[in-house]
Asks: 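After the structure tokens below, expect a handful of questions from me.
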Amino acid sequence: MAVSTGQEEQLLIGGRWVGAEDGKRFDVTNPATGDVVGSIPNGSAGDVQAAIAAAAAALDDWKAMPAIARARILRRSADLMRERKDEIAAVMTAEQGKPLAEAAGEVEYAASFMEWFGGEAERVYGQVVPPLNPANRALVLRQPVGVVAAITPWNFPAAMMTRKLGPAMAAGCTSVVKPASATPLTAALMLRAIEDAGAPPGVVNLVTSRSAGMVAETIFSDRRVRKISFTGSTEVGKDLIRRSADQVKRLSLELGGHAPYLIFDDADLEEATAGLIASKFRNAGQTCVCANRVYVQKGIYKEFVDLLGQKVAKLVVGPGDRPGVNVGPLIDSRGVDKADEHVQDALSRGARLVTGGSRLTDGEFARGSFYAPTVLEDVTPEMLISYEETFGPVAGITKFGSEEEALRLANDSIYGLCAYFHTRDYARLLRVAEKLEYGIIGVNTGIISAASVPFGGVKESGYGREGGSDGIDEYLDTKYVLVAGVGI
Ligand code: NAP
């Protein structure tokens, strides 16, 4: 069944909603049912160039607009996103699959970036530095980088976009957005809210396309684009690093993760199981900050595994638009194949199944991409699940003895996005937080995201930070101005 989005989604170029230049479109499907829920233009290289041209044409006026006026547009965008929350959430659930309550929560979270960076727009301060020669003046200016291209993933189709557009708009940059081809309808609704809030034509532009490589090629070869902000897989991120070399383009990369989740003997078991479930099974395990390796200390190991198994077995799986569903479908059948590959590989190498462990294919599950929420124990480092991102509802548990062993296991990863641990020992809390080689640490909680804090990774999880006061720096250039002969 098609979802209602109020009007036919189009590309947004220079303030006009238009079709692709060659008229081509592609279908968007519901991962819970396989049904087509809508269609969207399949943008070409010409459309991408037109969007870049519109962003370039809008740049001078936008950066010259008083910061307070830009801030008002950002805040109004947030208000409109909240007013339209139910409508946007319904579309998101239809094309992405997550439960409606999670989709509505994501719209709130997405709006919070517009609101928070509305405030930051007014706080882009430079510096006056004591000069070498007191007769001179040394100034440091912070200026918008220019035209930005934002490439976003399907797992958070609203929030990953505003996490880029909020600071870009606040800094005075104009943007071209290329959303994931699985979730373009949510992107179009979010951009409509920004446009309706009064963003002048060309400040934000939307190009949907099924040819991501072509879009990247067009963006990276165009000198008007000064910065690319990408959220997605490490594999594609590495490709973008290579592409950026030709014109030395600025990049922010929010890439994959493989979060360790440590539970020490002194943890509160109720809190630890609740935190792990929130981290692992939200969005059916399809988040970059999902727990991917669970390490439990030997003193509470059995009790923890039993309690977790009982709780996970009670999670309700089904289409995201049904009340009471905790875990929706995976984005597509490849997502299911990957989760199952990780489970079968672990079982074949000696892991034990605590609950779940299979595709769901009977009855109402037959047409969708469903996988049973799964817990495995006795997981070892050579199993796929211990080093590859699962991106599915599978928790693999390993027993550890000492704090040193837990840290060694936790840091043994090419990724460095997010790590979690549960303890009530304040000294361990500080020690472990300092020693974990990750950009984000959750202590005694499985949920860490907010617009006001810096989000980003180390190692192969990327570079740059989104959110927080660091977030706007990604969209500002620093300029040093020396004025000689001013006098004392
Ligand atoms: P993806 O395959 O890398 O796709 C992300 C975006 O890049 C999509 O818009 C995609 O377009 C586009 N893309 C694909 N191939 C491209 C290419 N060769 N050149 C330029 N763009 C290209 O990732 P995904 O499967 O959508 O998202 C899941 C990944 O994102 C996971 O690894 C997850 O950990 C990561 N993630 C990271 C964060 C973070 O903050 N660190 C947040 C969320 C997700 P199409 O959709 O048209 O292919």
Side-chain angles (χ1 to χ4, degrees), residues 26 28-29 31 40-43 48 95-96 98 106 109-110 113 149-164 176-187 206-221 225 228-244 249 251-259 282-292 330-332 334-335 338 388-392 413-418 438-440 448-449 451 453-468 471 474:
F26 64 92
V28 181
T29 52
I40 193 106
N42 192 14
V48 180
E95 66 179 355
Q96 200 274 346
K98 65 179 67 180
E106 185 186 333
Y109 178 47
F113 285 102
I151 304 177
T152 58
W154 49 262
N155 62 345
F156 290 96
M160 296 303 100
M161 221 168 63
T162 55
R163 206 162 76 168
K164 302 180 188 310
V176 175
V177 183
K178 165 16 209 137
S181 47
T183 53
L185 303 177
T186 304
L206 174 70
V207 181
T208 51
S209 174
R210 256 218 298 234
S211 306
M214 171 280 291
V215 174
E217 179 62 39
T218 312
I219 286 169
F220 278 90
S221 60
V225 179
I228 291 92
S229 177
F230 172 76
T231 299
S233 59
T234 293
E235 186 192 354
V236 172
K238 289 180 180 177
D239 181 48
L240 302 191
I241 293 172
R242 288 181 204 106
R243 288 183 193 266
S244 73
K249 289 201 194 291
L251 283 182
S252 300
L253 299 172
E254 296 286 348
L255 309 178
H258 202 276
R282 184 170 60 115
N283 203 3
Q286 303 169 112
T287 85
C288 53
V289 290
C290 266
N292 220 114
L330 298 188
I331 192 70
D332 54 27
R334 280 176 307 157
K338 186 165 191 197
E388 251 188 27
E389 211 177 2
T390 307
F391 242 54
S413 174
I414 61 165
Y415 296 106
L417 185 58
C418 187
Y438 290 82
I440 304 165
I448 37 69
S449 302
V453 293
F455 191 104
V458 299
K459 300 197 217 169
E460 294 191 24
S461 290
Y463 42 74
R465 289 294 179 269
E466 293 192 316
E474 303 289 326

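Please read all numbers here as calculations on a predicted model, not as lab measurements. Indexing begins at 1, ligand by ligand and atom by atom, following the structure's order. Residues: numbered from 1 along the sequence shown.
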Asks: Please state which part of Ala180 comes within less than 4.0 Å of ligand 1, counting heavy atoms only: side chain, backbone, both or neither.
Replies: both
Asks: With a 4.0 Å heavy-atom cut-off (strictly under), which part of Ser461 contacts ligand 1: side chain, backbone, both or neither?
Replies: neither
Asks: Give the C-alpha distance, both sets of side-chain angles, the deciding distance and a yes or no for side chain to side chain contact (heavy atoms under 4.5 Å, CB included) between Leu255 and Glu460.
Replies: CA-CA 7 Å; Leu255 309 178; Glu460 294 191 24; over 6 Å; no
Asks: Is there a protein heavy atom at a distance of less than 4.0 Å from atom 1 (P) of ligand 1?
Replies: yes
Asks: Considering non-hydrogen atoms of the protein only, which is the closest contact for atom 9 (O) of ligand 1, and what is the distance?
Replies: Thr152 O, 2.7 Å
Asks: Go through ligand 1 atom by atom and flag the ones less than 4.0 Å from a non-hydrogen atom of Met160.
Replies: 42 (C)
Asks: Assess whether side chain to side chain contact (heavy atoms under 4.5 Å, CB included) is satisfied between Ile448 and Cys418, documenting all intermediate values.
Replies: CA-CA 9 Å; Ile448 37 69; Cys418 187; 4.1 Å; yes
Asks: Using a strict 4.0 Å cut-off to heavy atoms of Phe391, name the atoms of ligand 1 that fall inside it.
Replies: 28 (C), 31 (C), 33 (C), 34 (O)
Asks: Are the charged groups of Glu217 and Arg243 less than 4.0 angstrom apart, N to O?
Replies: yes
Asks: Specify side chain, backbone, both or neither for Phe455, according to which of its non-hydrogen atoms lie closer than 4.0 Å to ligand 1.
Replies: side chain
Asks: Report yes or no: do Glu466 and Ser252 form a side-chain donor-acceptor pair below 3.5 Å?
Replies: no
Asks: Starting from atom 36 (N) of ligand 1, locate the nearest protein heavy atom and write down its residue, its atom name and how far away it is, to 0.1 Å.
Replies: Cys288 CB, 3.5 Å
Asks: Identify, for atom 10 (C) of ligand 1, the protein heavy atom at the shortest distance, and state residue, atom and that distance.
Replies: Lys178 NZ, 3.8 Å
Asks: I'd like to check whether Ser181 has a polar contact with ligand 1, where a contact means an N/O of the residue lying under 3.5 Å from an N/O of the ligand.
Replies: yes
